[in-house]
Amino acid sequence: MKKQSFMTLLNAISDFFEEEKYRLPNFIPMGIGIGICVYFSLSNEPSFLLNCCVFAITVIAFIAHKIWTKQNQDISLIYTSYTNVYKNVVNFLLLSALLISLGFLISQIRTMHVNTFMINEDIKKPISFVATIESCEKTEKGLKFIVSDTKRKYDDWAGNLCKKFSKLHLIWIGEKARESVSDYTPGTRVLFRAMLSPIRPQAFPGAYDFRKQQFFKGISARGFVIKPPKILQNCEQPTIKVYIEQLRHKIDKTIEKYLPKHTAAIAKALTTGNTAGITKQVRANFSSSGTAHVLAISGLHIGIIGFFIFWLFRVILCFFPRISMFYDTKKIAAIASWIAVLLYLQISGCSVSSIRAFIMHTIIIIAILLNRTPLTMRSVAIAATIIMLSTPEVIMFPSFQMSFGAVIAIIAYVESELQMPKFLKWLSEVVAVTIIASIPTSIISVSVFNQLTLNSILANIVCIPLMTFFIMPMLMFALFLMIFGAARPIIMLAGYGIDLLAKIAEETAKLPGSLFVMHTPTNVTFGIIIVSFLIFTLIQHKIRFVGLLGIFGGLVLYSIQPLPDIFVSPHAKVVGIRTDDCVCFSHLGYFRSMADSWSRSVGFGKRENFKSSACSKFVTKLEDNTYATKIKGKMIIVTNNDKYKNPNIDLLFILNKERNNQSKIIFLDDDIIKKDVQKIRRPWS
């Protein structure tokens with residue numbers, strides 16, 4: 001009986017490898033991604049020499065096993081089934097170890113290569129320095145600069161500091177700043193006077209790490225310009241990179257010239273990727289309606305441009321019989337589409353999702369030229385592998401996660417070949433693709449942004465066709481006409497579509513169920529759900545349904561996971577306490593943004609001050625700047641008095657007296673008090 005069960009298991013494994021042997025390469029980026037995630041989840045920087053040794057061992061083991069199996073192909077036929085299963089399983093395990101160690105190693109190599117110097121403390125006085133403008137964008141309140149090559153005239157401590165900077169993120173606020181946007185162009189040398197401060201760290205352990213993102217972008221510090229920057233030298237011989245930035249700057253100015261303020265901000269986001277000018281209210285409307293993805297240059301925009309140019313050239317070539325009779329117009333249109341997408345990629349700023357779409361579009365064009373099936377999961381795997389090997393850190397950021405999550409779900413749906421009635425096919429396809437794409441993006445949205453919207457299907461059914469068949473074609477036609485200075489009527493026509501798009505987002509955001517604030521899942525829960533999702537979508541064997549069980553198990557873990565009860569900011573400057581109705585903070589002020597992040601992470605959309613009426617039934621004022629509350633049977637005191645004493649308390653927080661410069665969260669239960677203190681020693685910390 002045991003032997004029969006064992007043979008059944010061997011046969012099942014053999015059938016799985018035989019059926020999925022052409023799809024298993026789709027898991028290559030998954031193995032690399034696991035290694036990358038492990039590296040970035042560590043609290044201390046690992047040994048580079050040890051990582052190299054581990055990678056070398058996995059390579060040697062994989063090659064040695066390949067050689068051994070090749071030399072032992074003459075094993076008795078009685079054991080052929082067993083040896084095939086053994087070979088496949090060991091190959092799979094060794095290859096997995098190789099890919100994981102590769103992802104881990106390239107992450108550390110990339111970190112060592114970037115090596116951005118980042119300041120950790122505020123600079124108490126303003127600094128004057130000369131820098132080259134890399135980009136200049138108009139925001140809701142002023143101008144945003146990214147500058148590099150900073151230098152200072154005087155050889156002092158500030159001059160030595162400026163030499164270490166890679167890039168700086170500068171904000172100039174005021175009406176004068178908004179009016180001066182045309183004066184500053186990329187490549188210009190400008191004299192700045194600004195107050196510099198460090199990039200803000202994580203709001204709490206496990207939160208989105210904006211500082212890490214800026215480290216890999218090369219941003220050393222952020223600052224506020226305190227006097228109008230003075231232009232010293234215009235760019236005379238721009239490099240290709242500077243020329244592209246200047247072109248994007250000119251396109252933005254042209255759009256601003258012909259469209260109203262709010263409409264122009266969205267139009268710039270759809271053409272050059274400049275989202276700085278979009279107001280908070282407009283962002284909130286698109287976010288609540290589930291259409292925020294249309295504001296960021298993504299695979300959707302690249303796909304629309306590629307499809308539109310492909311279709312347009314095929315139609316135009318049909319009017320020339322000599323060409324259509326003797327040449328393959330499909331391949332000519334494909335090449336024209338690729339060139340157009342490449343140009344748009346450069347103009348749009350080369351975001352992660354647009355690079356993913358460009359790689360996939362390139363693969364599709366090659367497939368068309370070779371008369372092969374263009375859209376497969378293999379193209380997604382190739383794109384993911386290329387991006388991970390070149391910039392492994394992007395896997396930790398939502399743009400990568402949402403882009404690949406949506407396209408994997410869509411292709412899995414297309415490959416399932418579900419049949420629909422003809423009269424319902426178009427509508428059902430739009431609805432089905434919207435639902436399918438919304439599932440993984442919603443999971444990531446909950447993890448990163450702590451929000452979930454149920455109205456995205458309704459809004460996208462209208463917004464996607466509007467974007468596909470009107471707005472984006474008009475904007476692309478306008479970009480072409482800008483060469484001849486005749487873009488005004490087309491830009492204004494596209495503006496009407498953009499206004500309609502914004503109106504749809506605004507009205508959808510007002511509907512019930514537009515926005516739910518959700519607590520942040522743990523890394524384990526999020527990892528289980530994502531891996532299970534990949535198993536379900538990348539495999540077509542019946543074992544794929546194990547992925548559904550994994551997703552369900554992850555959702556169960558999410559629903560029962562414990563939430564932190566207390567939040568302590570760096571240096572204990574503010575303390576937050578989770579209650580049944582809201583999150584109460586000792587004070588907000590400077591920490592308002594950090595407090596908002598923590599409130600959303602535990603599932604609350606609002607935060608309150610200890611002094612507010614909403615907190616009065618949970619927090620009791622004992623004396624000036626001293627408050628008491630009781631959570632899970634524990635008496636908590638928050639005070640400014642460093643001499644406060646009370647024998648009946650379980651936790652005492654003395655504000656501004658703690659030396660720890662990292663945020664921390666505290667879990668309370670009936671028996672113990674657990675402190676989760678983040679002690680990070682990484683290059684970006």
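Heads up: numbering here begins at 1 and tracks the sequence. Quantities reported herein were computed from a predicted structural model and do not represent experimental measurements. Computation of the quantities below employed the complete heavy-atom set of this structure, encompassing side-chain atoms and omitting hydrogens, waters and symmetry-equivalent molecules.
- Glu245 is linked by a side chain to side chain donor-acceptor pair (under 3.5 Å) to Arg248, counting only residues two or more places apart in sequence or in another chain.
- Atom CG in Leu345 sits 5.0 Å away from atom OG in Ser354 (nearest 0.5 Å).
- Within the 3.5 Å criterion, the main-chain N or O of Val517 finds no donor-acceptor partner in the side chain of Asn450.
- In this structure a side-chain-to-backbone donor-acceptor pair under 3.5 Å is present from Ser559 to Val556.
- Taking every heavy atom of both residues into account, Trp598 and Pro564 meet most closely at CZ2-O, 4.2 Å.
- Taking each heavy atom of Ala269 and Ile278 in turn, the nearest pair found is CB-CD1, 3.9 Å.
- In this structure a side-chain-to-backbone donor-acceptor pair under 3.5 Å is missing from Thr391 to Val394.
- You'll find the side chain of Leu170 stays beyond 4.5 Å of the side chain of Phe224, heavy atoms only.
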Item to check | Stepwise side chain to side chain contact (heavy atoms under 4.5 Å, CB included) check, Ile364 with Trp338 | outcome: CA-CA 9 Å; Ile364 290 172; Trp338 183 83; over 6 Å; no
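- Ile219 CD1 to Ser166 OG: the interatomic distance, rounded to the nearest 0.5 Å, is 7.5 Å.
- Taking all atoms of both residues into account, the shortest heavy-atom contact from Met195 to Ile123 is CE-O, 3.6 Å.
- Formation of a donor-acceptor pair under 3.5 Å by the Arg544 side chain with backbone atoms of Phe536 is found in this model.
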Item to check | Chi angles and distances behind the side chain to side chain contact (heavy atoms under 4.5 Å, CB included) call for Phe533, Ile443 | outcome: CA-CA 10 Å; Phe533 165 76; Ile443 294 171; 5.9 Å; no
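- No donor-acceptor pair closer than 3.5 Å links the side chain of Glu137 to the backbone N or O of Ala276.
- Arg152 places no side-chain N or O within 3.5 Å of a backbone atom of Phe129 that could act as its donor or acceptor partner.
- Closest of all the heavy-atom pairs between Leu452 and Ser442 is CD1-CB, 3.7 Å.
- Summarising the geometry, atom CZ belonging to Arg578 is positioned 5.0 Å from atom CG belonging to Asp565; distances are rounded to the nearest 0.5 Å.
- By the 6.0 Å contact criterion, CD1 on Ile240 is open, its count of non-hydrogen atoms from other residues, nucleotides or ligands being 12 or less.
- Between the CD atom in Gln246 and the CD1 atom in Ile133 there is a gap of 10.5 Å [rounded to 0.5 Å].
- Taking 4.5 Å as the limit, every side-chain heavy atom of Thr132 sits out of range of all side-chain heavy atoms of Thr188.
- Remark: aromatic rings of Phe117 and Phe215 are distant, center separation not under 6.0 Å.
- Side-chain contact between Phe667 and Ile665: present, with at least one pair of heavy atoms (C-beta onward) separated by less than 4.5 Å.
- One finds the CD atom of Gln108 at 9.5 Å from the CG atom of Leu50 (value rounded to the nearest 0.5 Å).
- Residues Leu389 and Ile32 are in side-chain contact: their nearest non-hydrogen atoms beyond the backbone lie under 4.5 Å apart.
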Next on the checklist: The test is side chain to side chain contact (heavy atoms under 4.5 Å, CB included); show your working for Thr111 and Phe216 and say whether it passes.
Outcome noted: CA-CA 8 Å; Thr111 302; Phe216 285 101; 3.6 Å; yes
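- The backbone N or O of Ile363 sits nowhere less than 3.5 Å from a side-chain atom of Ser379 that would complete a donor-acceptor pair.
- When all heavy atoms are compared, the tightest approach of Pro521 to Val446 is CD-O, 4.2 Å.
- In this structure, the side chains of Leu557 and Ile528 come closer than 4.5 Å at one or more pairs of heavy atoms.
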Item to check | From CA spacing to verdict: side chain to side chain contact (heavy atoms under 4.5 Å, CB included), Ile36, Met388 | outcome: CA-CA 8 Å; Ile36 295 172; Met388 287 180 184; 4.0 Å; yes
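- Here the side chains of Asp149 and Arg189 are in contact, with some heavy-atom distance below 4.5 Å.
- Using a 4.5 Å heavy-atom cutoff, the side chains of Lys151 and Cys162 are not in contact.
- Side chain of Ser101 to main chain of Phe55: no donor-acceptor pair is present (N/O by atom type, distance under 3.5 Å, no hydrogens or angles).
- When every heavy atom of Ser599 is checked against every heavy atom of Val583, the shortest pair comes out as OG-CB, 3.7 Å.
- For the pair Arg600 and Phe449, the NZ or CZ position fails the cation-pi test of under 6.0 Å to the six-membered ring centre and within 45 degrees of the ring normal.
- When atom types are taken as modelled, the side chain of Arg222 and the backbone of Leu168 share no donor-acceptor pair closer than 3.5 angstrom.
- With 3.5 Å as the limit, one finds no donor-acceptor pair spanning the side chains of Tyr208 and Ser597.
- How far CD1 of Ile100 is from CG of Leu105: 14.0 Å, rounded to the nearest 0.5 Å.
- Applying the 6.0 Å contact sphere to CG of Asn523 captures no more than 12 heavy atoms from other residues, nucleotides or ligands.
- Take His519 and apply the ring pair (Phe, Tyr, Trp, His ring centres under 6.0 Å) test, not counting sequence neighbours, and it matches Tyr558.
- Formation of a donor-acceptor pair under 3.5 Å by the Gln213 side chain with backbone atoms of Phe397 is not found in this model.
- Within 6.0 Å of OH in Tyr243 there are 12 or fewer heavy atoms belonging to other residues, nucleotides or ligands.
- In summary, Arg110 and Glu393 engage in a salt bridge, as defined by a charged side-chain N under 4.0 Å from a carboxylate O.
- The closest side-chain heavy-atom distance from Phe40 to Asp209 is not below 4.5 Å.
- Note: Phe192 and Phe145 meet the aromatic proximity criterion, with ring centroids under 6.0 Å apart.
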